[in-house]
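Remember, it's 1-based here, ligands and their atoms both numbered in the order they're listed. Hydrogens, waters and symmetry mates are skipped; everything else that's a heavy atom, side chains included, is used. Keep in mind it's a predicted model, so treat the numbers as computed, not measured.
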Amino acid sequence: MNVGLSKMYVDDQIQKVVFNVLNSGRYINGQNLKSFEEEFADLCSTEYAVGVSSGTSAILLSLMALGIGKGDEVIVPSLTFIATATPAKFLGAALVYADIDPETYTIDPAEVQRKITPRTKAIVPVHLYGHACDMDPINELARAHELYVIEDACQAHCATYKGKKTGSLGDIACFSFFPSKNMTVLGDGGMITTNDSELAQKVGMLRNHGRTQKYVHEMLGLNCRLSEVHAAIGREQLKHLTGWNERRRAIAAKYDVLLRGSGVIIPMEREWAKHVYHMYVIRVKQRDKLASYLKGKGVETGIHYPVPVHRQPCLMSDVHLPITEKYVDEILSLPMHPQLTDAEVEYVASEIGKFIEASL
Ligand SMILES: Cc1ncc(COP(=O)(O)O)c(C=O)c1O
């Protein structure tokens with residue numbers, strides 16, 4: 001059996017809407033973008049959504065709109081994709097790393113509190129693997145210290161925290177539609193959500209050369225637009241998202257049952273969270289051996305992430321984050337996508353069981 005880590009969804013309807021855009025002659029800033037933004041804002045229960053070219057540009061433009069730059073400090077987790085952190089660095093801000101909660105792997109609010117200084121301007125909590133961060137204490141700290149909260153929701157489309165959707169939990173939030181995400185535009189794309197009209201207007205201008213009129217540029221901007229083709233695909237994918245997330249949760253529940261007590265540590269879902277399992281990540285001491293054993297059995301796995309951000313060559317820091325540094329050697333992402341069959345989940349779990357038994 002061959003079981004892939006993730007799989008994208010393409011159907012006739014998606015092909016049809018792509019052709020419709022190609023035949024329309026309107027490829028940028030058209031009706032698909034406008035509708036996608038409205039539908040995505042609706043999904044997140046936010047006032048505004050602004051389509052952009054990637055999750056990375058969503059984070060960059062959000063920081064720019066908040067005026068973050070030289071002299072500022074931005075608190076980030078280190079167990080994340082590097083793009084959580086690089087935009088702040090590009091803008092001249094200093095990165096301050098906070099360790100993670102040992103059970104949810106998301107940024108630990110107590111660590112955030114310890115890392116706040118008079119220069120701190122923003123916190124970027126990452127809803128890692130599809131599990132929301134503990135936002136109440138983070139927002140309380142932000143209020144007390146006058147900090148901005150920028151949600152990195154790139155892995156958490158439609159997850160919830162205490163019944164509220166990710167994307168609506170901070171000042172501004174960033175989503176990615178990279179191909180492996182819970183929903184994708186089958187290329188690069190992203191979205192910014194917020195309830196702040198001024199911020200929405202600013203990021204809308206920043207993504208489009210800092211303008212509202214064709215040749216009048218009121219601020220320095222960039223070209224970080226989301227194309228009509230990608231917006232049209234995003235709208236179709238959005239229609240499936242709720243069902244796909246439910247299937248991901250059912251697959252996770254099946255893995256949980258099959259792997260509980262097997263010797264690997266399974267992911268947890270806090271009582272206040274609705275996890276959307278962008279990744280199903282286990283922890284195991286012999287991670288590399290298990291990964292190569294599974295590869296030999298046709299099972300693709302991943303490591304998200306093998307090198308924490310603070311140990312990346314371009315961002316090397318001597319800060320010590322004990323939990324993050326321990327976990328990067330133990331985490332293993334198992335196949336997880338809505339098209340995975342029950343038989344495939346059973347096969348993966350049984351191979352893990354065989355490996356653990358043989359290594360006892
Ligand atoms: C947590 C996190 N932040 C940021 C990004 C960047 O998104 P993109 O690849 O769309 O630029 C990703 C996606 O890869 C991500 O997983």
Side-chain angles (χ1 to χ4, degrees), residues 5-6 8 36 40 49-64 74-91 95 97-98 100-101 104-107 122-133 135 138 149-159 166-167 169-170 172-193 203 206-207 222-227 230-231 233-234 237 248 275-281 302-310 312 314-315 324 327-328 331 333 336-337:
L5 181 63
S6 61
M8 289 45 157
F36 187 30
F40 202 84
V50 179
V52 292
S53 54
S54 67
T56 308
S57 46
I59 298 168
L60 177 69
L61 300 188
S62 299
L63 292 163
M64 287 170 75
V74 177
I75 300 179
V76 294
S78 183
L79 183 64
T80 182
F81 184 60
I82 194 164
T84 301
T86 37
K89 191 77 179 169
F90 261 109
L91 295 175
L95 294 168
Y97 300 100
I100 50 171
D101 173 283
T104 63
Y105 311 173
T106 57
I107 197 164
I123 309 165
V124 187
V126 179
H127 305 309
L128 195 72
Y129 308 145
H131 189 289
C133 299
M135 293 301 292
I138 292 171
V149 175
I150 302 157
E151 289 176 76
D152 181 338
C154 288
Q155 300 187 1
H157 310 70
C158 224
T166 48
L169 305 168
I172 194 162
C174 306
F175 290 86
S176 165
F177 301 127
F178 178 82
S180 65
K181 302 301 187 202
N182 289 33
M183 61 168 286
T184 174
V185 296
L186 300 171
D188 278 314
M191 192 73 81
I192 296 171
T193 55
V203 291
L206 286 167
R207 73 167 166 187
L222 296 159
N223 178 355
C224 296
R225 296 180 300 235
L226 183 68
S227 80
H230 289 118
I233 295 171
Q237 291 254 330
R248 284 175 183 270
H275 201 320
V276 292
Y277 294 97
H278 171 54
M279 298 284 171
Y280 186 92
V281 178
I303 301 170
H304 302 93
Y305 295 86
V307 182
V309 176
H310 72 290
Q312 292 291 343
C314 64
L315 288 174
T324 299
Y327 283 14
V328 290
I331 46 179
S333 309
M336 173 53 88
H337 58 82

Between Thr166 and His127, is any side-chain donor less than 3.5 angstrom from a side-chain acceptor?
-> no
task = Verify, without hydrogens or angle tests, whether Ser62 (side chain) and Ala58 (backbone) share a donor-acceptor contact under 3.5 angstrom.
result = yes
What orientation do Phe36 and Phe177 show, parallel under 30°, tilted 30 to 60°, or perpendicular over 60°? tilted
Note: ligand 1 atoms sitting under 4.0 Å from heavy atoms of Ser54 are 10 (O), 11 (O)
of all protein heavy atoms, closest to atom 3 (N) of ligand 1 is Asp152 OD2, 2.7 Å
Closest to atom 13 (C) of ligand 1 by heavy-atom distance, out of His304, His127, Lys181, His278, is Lys181
heavy-atom search around atom 15 (C) of ligand 1 in the protein gives Cys154 CB, 3.5 Å
Margin query: Considering both backbone and side-chain atoms of Gly55, is one of its nitrogen or oxygen atoms within less than 3.5 Å of a nitrogen or oxygen in ligand 1?
Written below: yes
| message | Using a 3.5 Å cut-off on N or O atoms only, is Gln155 in polar contact with ligand 1? | response | yes
So for Val126 against ligand 1, with non-hydrogen atoms under 4.0 Å, the contacting part is side chain
Check your understanding: Does a side chain donor of either Thr106 or Asp101 reach within less than 3.5 Å of an acceptor in the other side chain?
Key -> no
In this structure, CD of Gln237 is separated from CE of Met8 (nearest 0.5 Å) by 9.5 Å
Within 4.0 Å of some non-hydrogen atom of Thr80, the atoms of ligand 1 are 1 (C)
So the atoms of ligand 1 within less than 4.0 Å of a heavy atom of Thr84 turn out to be 1 (C), 3 (N)
Inset, instruction - Using the six-membered ring wherever Trp is involved, compare the ring planes of His275 and Tyr277 and label them parallel, tilted or perpendicular (cut-offs 30° and 60°). - result: parallel
Taking only non-hydrogen atoms of Ala83 and a 4.0 Å limit, the atoms of ligand 1 in range are 4 (C), 6 (C)
(Q) Centroid separation under 6.0 Å, is that true for the rings of Phe175 and Phe40? (A) yes
Result for side-chain hydrogen bond (donor to acceptor under 3.5 Å, both in side chains) between Asn182 and one of His278, His337, His157 points to His278
shortest atom 6 (C) of ligand 1-to-protein heavy-atom contact is with Thr56 OG1, 3.5 Å
